[in-house]
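Notes to accompany the following structure.
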Number of protein chains: 2
Amino acid sequence: MTPAKTSDKKAQPGTDLGLLPGLVGYQLRLAQIALFRDFARGPGELEVTPGLFGVLVIIEANPDLKQSDLARATQLDRSTVVTVIDNLERRGLVERRAALNDRRSNAIRLTADGLALLRKLKRQVSQHEKRLLSNFSAAERETFLALLLKVFPEHR
Amino acid sequence: MTPAKTSDKKAQPGTDLGLLPGLVGYQLRLAQIALFRDFARGPGELEVTPGLFGVLVIIEANPDLKQSDLARATQLDRSTVVTVIDNLERRGLVERRAALNDRRSNAIRLTADGLALLRKLKRQVSQHEKRLLSNFSAAERETFLALLLKVFPEHR
DNA sequence: TACTGATTGTTGGAAGTCCAGCAATATTGG
DNA sequence: CCAATATTGCTGGACTTCCAACAATCAGTA
């Protein structure tokens with residue numbers, strides 16, 4: 001959930017990056033940027049960012065979710081979730097209902113359109129992952145995933 | 001180079017994350033977010049983001065760098081570099097000089113203050129890396145770095 | 001039950017980033 | 001040498017995100 005459309009930027013080889021390439025933090029950052037740029041790519045490009053995709057998946061998996069819980073699950077601020085849901089609601093992918101037991105909360109759920117889009121997105125994301133890991137063996141993929149989880153274990 | 005100060009958000013265990021946790025792209029994203037949040041942490045907190053740190057390192061390693069080259073090296077847009085340099089210049093860490101051979105370009109270099117700050121930052125970043133990899137053996141660190149580089153090899 | 005404190009969604013303001021387009025300057029081809 | 005093209009830094013507008021503060025509502029306690 002950040003800007004970045006589809007510009008094809010490559011690193012400038014002529015420039016000295018100093019100590020950066022040896023920093024795991026730096027490479028993690030670069031990989032994430034590249035990931036974001038690649039996400040929307042591919043034949044059937046749908047107007048969704050990795051963050052929005054995550055939001056839709058979580059809403060599908062947790063019908064009538066509260067916005068605050070969504071915020072916690074996605075690591076977004078509550079106020080950001082307001083904007084995000086505004087966006088998705090305007091596009092008819094999601095709807096806010098009154099929660100049953102709590103008059104403060106909204107119960108968020110996918111609309112039929114939202115569900116249909118999510119189906120397409122899942123296929124697209126699957127392609128994206130394939131592309132991402134095209135150089136990886138199955139074992140490497142597992143190792144990579146395990147190491148990523150190890151970075152900040154307290155956060156999951 | 002993104003917002004995010006120091007809020008202590010943890011994942012909500014009660015919420016089903018669906019297929020997300022199995023996606024390398026998702027875990028990469030999460031790790032990057034956690035990385036960002038941790039970056040400024042620590043005893044001597046200096047007001048710099050990972051992105052700004054990278055900018056300073058590159059400027060130090062390439063005296064009289066042009067803004068456009070900086071943009072390519074940092075994967076930022078040229079217009080974003082304008083803002084970033086404005087910021088650093090206002091803080092007296094960096095200066096724009098007229099380039100010698102090209103009247104369009106600026107030659108960016110660190111000021112004495114910038115260099116001094118960068119020294120401190122390097123120590124801080126080193127601590128950050130240690131924290132980041134506190135659960136990693138040396139071999140795991142190497143493996144992790146190698147796998148990160150493998151994600152989008154065409155970009156380096 | 002009535003207070004006190006927490007939680008929920010929202011708004012407003014700030015920051016960082018992107019893209020499209022601009023004028024000034026460089027570079028290249030005829 | 002000149003015209004066409006490319007590059008450079010910059011501005012303006014749009015997004016996304018954050019934080020701080022708020023009113024409404026809920027939950028726990030005296």
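In this text, all values refer to a predicted model and were calculated from it rather than measured experimentally. Lettering follows sequence order; numbering is per chain, from 1.
Put simply, NZ on A:K150 and CG on B:L133 are 10.5 Å apart, with the number rounded to the nearest 0.5 Å.
Between the CD atom of A:E47 and the P atom of D:dT16 there is a distance of 10 Å, rounded to whole Å. Atom CG in B:D69 sits about 18 Å away from atom P in D:dA6, given to the nearest Å. Rounded to whole angstrom, the span from the CG atom of A:N87 across to the P atom of D:dA14 amounts to 16 Å. Rounding to whole angstrom units, CG of residue B:L70 and P of D:dT7 are separated by 18 Å. Regarding B:R37, its CZ atom lies at a distance of 10 Å from the C1' atom of D:dC18, rounded to whole Å. In this structure, A:L52 atom CG and D:dC15 atom C1' are separated by 11 Å, rounded to whole Å. Across the protein-nucleic acid pair, A:R90 atom CZ and D:dA14 atom P stand 13 Å apart, rounded to whole Å. In this structure, the CD atom of A:Q75 is 16 Å from the C1' atom of D:dT16, given to the nearest Å.
In this structure, the side chains of B:V24 and B:Q27 stay at 4.5 Å or more apart for every pair of heavy atoms. Residues B:L35 and B:L132 have side chains in contact (heavy-atom distance under 4.5 Å, counting atoms from C-beta outward). B:R91 places a side-chain heavy atom less than 4.5 Å from the side chain of B:V48.
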Next on the checklist: So if I define the base as every atom that isn't primed, P, OP1 or OP2, how would nucleotides 2-7 of chain C read as a B/S/- string at a heavy-atom cutoff under 4.0 Å?
Outcome noted: -----B
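Residues satisfying the side-chain contact (heavy atoms from CB on, under 4.5 Å) test with A:R97, not counting sequence neighbours, are A:E95, A:A107, A:R109.
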Report each atom pair, protein N/O against N/O of nucleotides 10-13 of chain C, whose distance is under 3.5 angstrom.
from: C:dT10; atom 1: OP1; to: A:R96; atom 2: NH1; distance (Å): 3.4
from: C:dT10; atom 1: OP2; to: A:Q67; atom 2: OE1; distance (Å): 3.1
from: C:dT10; atom 1: OP2; to: A:Q67; atom 2: NE2; distance (Å): 3.0
from: C:dT10; atom 1: OP2; to: A:R96; atom 2: NH1; distance (Å): 2.7

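Side-chain N/O atoms of A:D113 and A:T111 include no donor and acceptor closer than 3.5 Å.
The 5' end of DNA chain D is approached more closely, in terms of each residue's nearest nucleotide, by A:V81 than by the other of A:V81 and A:D102.
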Donor-acceptor contacts, no H, no angles, side chain residues 52-62 of chain B, under 3.5 Å, sequence neighbours left out:
from: B:E60; atom 1: OE1; to: B:K122; atom 2: NZ; distance (Å): 2.9
from: B:N62; atom 1: OD1; to: A:D16; atom 2: N; distance (Å): 2.8
from: B:N62; atom 1: ND2; to: A:D16; atom 2: O; distance (Å): 2.6
from: B:N62; atom 1: ND2; to: B:I58; atom 2: O; distance (Å): 2.7

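Within the structure, ring-ring contact (aromatic ring centres under 6.0 Å, His included) contacts touching residues 87-138 of chain A (residues at least two apart or in different chains) are A:F39-A:H128, A:F136-A:F144. For the ring-ring contact (aromatic ring centres under 6.0 Å, His included) condition, no pair includes a residue of residues 81-109 of chain B, sequence neighbours left out.
One finds no side-chain N or O of B:R103 lying less than 4.0 angstrom from the OP1 or OP2 phosphate oxygen of D:dT8.
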